[in-house]
Amino acid sequence: MSGKPVLHYANSRGRMEPIRWLLAAAGVEFEEKFIEKKEDLQKLKSVPMVEIDGMKMVQTRAILNYIAGKYNLYGKDLKERALIDMYVEGLADLYELVMMNIIQPADKKEEHLANALDKAANRYFPVFEKVLKDHGQDFLVGNKLSRADVSLLETILVVEECKPDALAKFPVLQSFKARISNIPNIKKFLQPGSQRKPRLQEKDLPKLMAIFY
Ligand SMILES: N[C@@H](CCC(=O)N[C@@H](CS)C(=O)NCC(=O)O)C(=O)O
């Protein structure tokens, strides 16, 4: 297949958003087909689904691994790849924790968010601050943009949506954020009108629940 990748998912972030980010960072244009109702999901069986290079790929991690490998965002050898995997999986844990806040019961939301933000500030961000500070390079691994940098920026932005000063105690992450946000493909994706999806609002939940649950 020679055309653009086609992404099948709801018109929301969910599990597709890291795929949108990675394609955008790689400078790859993509089309989107939004599922609107349960029957659309039943036809596809599993989403995210991405049509790419003649394949119909499912499973978020498999899709991300393929894109990262194809566009040289996955390190130069197995050891770099192992580091990138560790960073990406850790960031995915934090990302999921924050994203799940919206579906917590009303009386648990505040406590859940406080726990997620505490983990960001005391467990996750200090690790990345130290990695960048210790090696003094612009990127997390191999002095070159990788999917780990893309995940870190995406996760920082999601945490900042909940706590705008989340990076106050992390000067190295502040410069990292500014630097990576300024890479032309990423800068474009961060501008209004891109295919980046907005933060999920409570009012969007019933429609998504009707599709996925
Ligand atoms: N491991 C799969 C999980 C896929 C998944 O759970 N997708 C959700 C939407 S984000 C879904 O389809 N839920 C409804 C269902 O399983 O019927 C992946 O990462 O792609």
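Throughout, numbering of the chain's residues begins at 1 and tracks the sequence. In each ligand, atom 1 is the first atom listed, and ligand 1 is the first ligand listed. This one's a predicted model, so the numbers in the text were calculated from it and none came from an experiment.
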Working for side chain to side chain contact (heavy atoms under 4.5 Å, CB included), residues M99 and E17: CA-CA 11 Å; M99 299 300 276; E17 195 67 356; over 6 Å; no

Could you walk me through whether F170 and F176 satisfy the ring pair (Phe, Tyr, Trp, His ring centres under 6.0 Å) test, starting with their C-alpha distance in whole Å, then the side-chain angles of each, then the deciding distance to 0.1 Å, before giving a yes or no? CA-CA 10 Å; F170 303 100; F176 172 88; over 10 Å; no

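- Protein residues having at least one heavy atom under 4.0 Å from any atom of ligand 1 are Y9, R15, L41, V47, P48, Q59, T60, F212, listed by chain and number.
- Interatomic distance, CD of Q195 versus CD of E31, reported as 9.0 Å (0.5 Å rounding).
- Taking the ring centre of F30 as origin, the terminal cationic atom of R20 falls outside the region bounded by 6.0 Å and 45° from the ring axis.
- One finds a salt bridge joining E202 and K109 here, because a Lys/Arg side-chain nitrogen approaches an Asp/Glu carboxylate oxygen to under 4.0 Å.
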Would you please test F34 and D40 for side chain to side chain contact (heavy atoms under 4.5 Å, CB included) and show each step? CA-CA 9 Å; F34 298 126; D40 300 336; over 6 Å; no

